[in-house]
Amino acid sequence: MDGEYLKSRRILLVDDEQELLDMVVSILKAEGYCNIRTAGTVRDALAAAAAFRPELAVLDVMLPDGSGFELMEQLRREGGYPVLFLTARGEDEDKFKGFGLGADDYVVKPFLPRELILRITAILRRSYKGENPLVKLRGSEIDFDRAEVVRYAKGMKDGEHISLTAKEHDILAALCRNAGRIVTIDALCEAAWGDNPFGYENSLMAHIRRIREKIEADPSHPVSLITVKGLGYKLVTEER
Amino acid sequence: MKSILRLIRRYVGILLLSCVLLLALNFIVLAVLVAGLTPNSHPWTTAEEVANALQWTGEAYILPEEVLSELDESGAWGIFIDNDTEQVRWMTEELPESIPLSYTVSDIARLTRGYIDGYPTFTGEREDGLVVLGYPRDRFWKHMWASWDYGFIANLPGTVLTVLAVNAALIFLIYMAANAGLLKSIKPIVNGIQSLPQGEPVHVREKGLLSELAQKINQTSEILQSQYIQLRRKETARANWIAGVSHDIRTPLSMVMGYAGQLAEDAHLTEEERRKAAVITKQSRRMQNLINDLNLASKLEYNMQPVNLQKENMVAIVRQVVVDFINMDLDDRYPIEWETKEALAICQVDADRNLLRRAVGNLIQNCISHNEQGCRIYVRVAAAGESCTVTVADDGVGAEAGQLEKLNNAPHYMVCDENTTDQRHGLGLLLVKQIIAAHGGTTLIGQSPYGGFSVELTLPMHGFSLQGMGAVTAQ
């Protein structure tokens, strides 16, 4: 994993089932997270939050002395850290309510340990950017903060800086958030042009071609930005 | 309401028609009676005949024998009064004694109009005098003062028609007055009966002629309502029960899945132990899917799942599901072929995006679950006229024709109301059928051209419906 700098973040877990808390703690500890505090009630959670100043809260919705939705609103007043709901309430309305109130993610029980870890890491990475946010590709790097690509020609130590347009930036960011996974044409269009992006498929292809010209050594034989025919595109990043 | 108007029209029509028919019948019967009862009832004519038949022989007047016998038969007598002398010059043999033999002009005027000594008399003219026939006193009744206003006679047809019309109107008014009460009490009852099948609560005022009927309708409505509420309550209770169980099972299952997942990746354990933990994880995953499906299926079955239809691009929905599966399938045992034509970028349907994702996801999951050895999965979205089809097929083990028939037609145990154990096919497919049905579409399960299993979902395109062929107004 590349998120070593995230492992020391303070995480508050709130659930009324002690055994479940123990299990989540063991999952997180196994993954290297070491700053973890748990609480079983809203009251305990508020007290723990005041003392512990968490950087991520994982909340159950149904707590003995109140609801997790209300707890989130109270916690948010204290500090603007991300919140993930981990709950047995799997109804769409509950999910929408959670997201509507500003939750960063919503995981329905039961869950696989890997799934929870991936989601927690993703939230932390989004919320707390590391020292060096450069994304390393084969033969180039993307610097999202400066919206540019640094391309290294063979044998050269200093790279060539090529700037990205806003749309190219949005498309690359969407691909990068899901690095190694296919992102559908529709999701990329939505990332670049907003909701209901009908009829932008050809524009997307044009933008992809231009991005390849910037990041690929040989744009007609791409190795980083791969086409998955009919479905979407995949960004292959280099391990750090 | 229409039926009441029809009823009134019909009955008034029948009433008027019968009146007219009755009247006509009466006239006909009268005419027949008058004509049939008195064939020899034309004394004026007879008098004319006698006048013509009377002959002067030079000495005396004679009446031929046949005319004489005709007079005898009807019991009549006759005399002939001479113009010049105003004396009786001829008479029949049976002339009553009270009949005078000499007449003044005023006598003649009176006998012409009326009677001689109570005998009804009729006259026939001749050049030289007047023939008078007298009939028995009880044979005829004569109207002596008959004369009408000329205008009245001239306007007679109009008058008759007016009288008839006034009569018809009167009959109608009498009918309405007599039936107003009945109609007034029928109207709410008809309304009540019409509302019953719509499942609305009905209350009819229990007054008037048909109050008993109204009472029965009210009772029926109450029974229907209470049955509906009870059924609804039972369904809600069942759906809540399933929702409750599936909620309560989630936390314990989390722990099973969580620890098993950890153990499966624990490097300190032996290969065999890790494999066992992986089996627990996999089976827990199955239970998780089952819980999710069971909950949604019961909600759809009991109409407790809101279906939020919005204009969606079917290609995008299916593409996202396919990509999610490809992204999850790390060891590439279940490669998915995207067979949608590239030209088809948009296929708009009115759909609940989450439900449709669930349906297509269930179909792909079905291919995976039934093919342990791995298989290739083929997904295609196609547009044809007013409908959009999504096909998920595989080259795996497939199913026998009999089994396919069952999958298409036999009810799932969750929705089957008969006691049988022979319907335990996948809950996942039931859910797909329910979701597609909630979108007004159809599900067809069959053999895949690649050798395995195939499911084809057909949904109406945006603005169309599969049942009614025409376009519907866009929401």
Side-chain angles (χ1 to χ4, degrees), chain A residues 15-31 60-62 86-96 107-117 178 180-190 196-202 204-205 228-234, chain B residues 243 246-266 281 284-285 287-288 291-292 295-296 299 305-306 308 310-313 315-328 336-342 344-346 348 352 354-355 358 379 381:
Chain A
D15 199 300
D16 57 339
E17 289 262 350
Q18 186 56 45
E19 288 183 323
L20 190 102
L21 284 177
D22 293 345
M23 185 191 75
V24 177
V25 169
S26 93
I27 291 171
L28 287 173
K29 287 226 161 120
E31 202 58 35
D60 190 3
V61 172
M62 291 205 287
L86 180 61
T87 172
R89 298 254 297 245
E91 306 305 322
D92 286 338
E93 308 99 82
D94 293 321
K95 277 189 199 173
F96 297 149
V107 177
V108 180
K109 294 173 187 172
F111 54 92
L112 282 173
R114 182 119 311 275
E115 185 187 355
L116 182 66
I117 291 294
N178 298 282
R181 294 145 59 90
I182 305 166
V183 184
T184 62
I185 298 164
D186 319 280
L188 288 175
C189 287
E190 200 175 317
N196 282 333
F198 292 148
Y200 282 103
E201 290 77 11
N202 289 333
L204 178 71
M205 272 165 68
V228 184
K229 200 164 180 303
L231 295 173
Y233 298 92
K234 182 159 79 171
Chain B
S246 60
H247 172 268
D248 289 349
I249 222 166
R250 283 173 195 276
T251 302
L253 196 57
S254 293
M255 283 182 249
V256 174
M257 253 170 103
Y259 282 124
Q262 265 189 308
L263 291 177
E265 291 177 13
D266 192 336
T281 313
S284 307
R285 193 54 128 177
M287 279 173 76
Q288 179 189 14
I291 292 166
N292 289 342
N295 200 11
L296 183 56
K299 285 192 158 186
Q305 173 68 35
N308 303 314
Q310 280 179 336
K311 197 165 85 172
E312 299 280 359
N313 180 7
V315 180
I317 291 177
V318 179
R319 184 150 48 200
Q320 186 61 54
V321 178
V322 167
V323 164
D324 287 345
F325 271 94
I326 294 177
N327 284 336
M328 269 191 334
I336 303 183
E337 298 277 338
W338 180 249
E339 290 193 317
T340 305
K341 287 198 180 109
E342 246 177 275
L344 184 72
I346 299 176
Q348 282 183 335
D352 184 314
N354 292 322
L355 288 181
R358 187 76 165 267
V379 181
V381 183

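Per chain, numbering begins at 1; letters A, B, ... match sequence-line order.
- For A/K229, the parts sitting under 4.5 Å from any heavy atom of chain B are the backbone and the side chain alike.
- With a 4.5 angstrom heavy-atom cutoff, A/E17 touches chain B only via side-chain atoms.
- Two residues are said to be in side-chain contact when any heavy atoms from C-beta on lie closer than 4.5 Å; A/V108 and A/D94 fail this criterion.
- Of the atoms belonging to B/E342, it is side-chain heavy atoms, and not backbone ones, that fall under 4.5 Å from chain A.
- With A/L21 as reference, A/Q18 is the one residue of A/E19, A/Q18, A/M23 to meet the side-chain contact (heavy atoms from CB on, under 4.5 Å) rule.
- The list of salt bridge (Lys or Arg N to Asp or Glu O under 4.0 Å) pairs with a residue in residues 255-266 of chain B, not counting sequence neighbours, reads A/R114-B/E265.
- In this structure, the portions of A/D22 lying under 4.5 Å from any heavy atom of chain B include both its backbone and its side chain.
- Neither the backbone nor the side chain of A/T87 comes within contact range of chain B; no heavy atom of the residue lies under 4.5 Å from a heavy atom of that chain.
- In this structure, chain A has a heavy atom under 4.5 Å from the side chain of B/N354, while its backbone stays farther away.
- Heavy-atom pairs under 4.5 Å with chain B were tallied for A/R181, A/R89, A/E115; the largest tally goes to A/R181.
- Both the backbone and the side chain of B/L253 come within contact range of chain A, with heavy atoms under 4.5 Å apart.
- With a 4.5 angstrom heavy-atom cutoff, B/T251 touches chain A via backbone and side-chain atoms both.
- Contact of B/N295 with chain A is made through the side chain alone, with heavy-atom distances under 4.5 Å.
- Inter-residue side-chain proximity for B/N292 and B/R358 is flagged as met; some heavy-atom pair is nearer than 4.5 Å.
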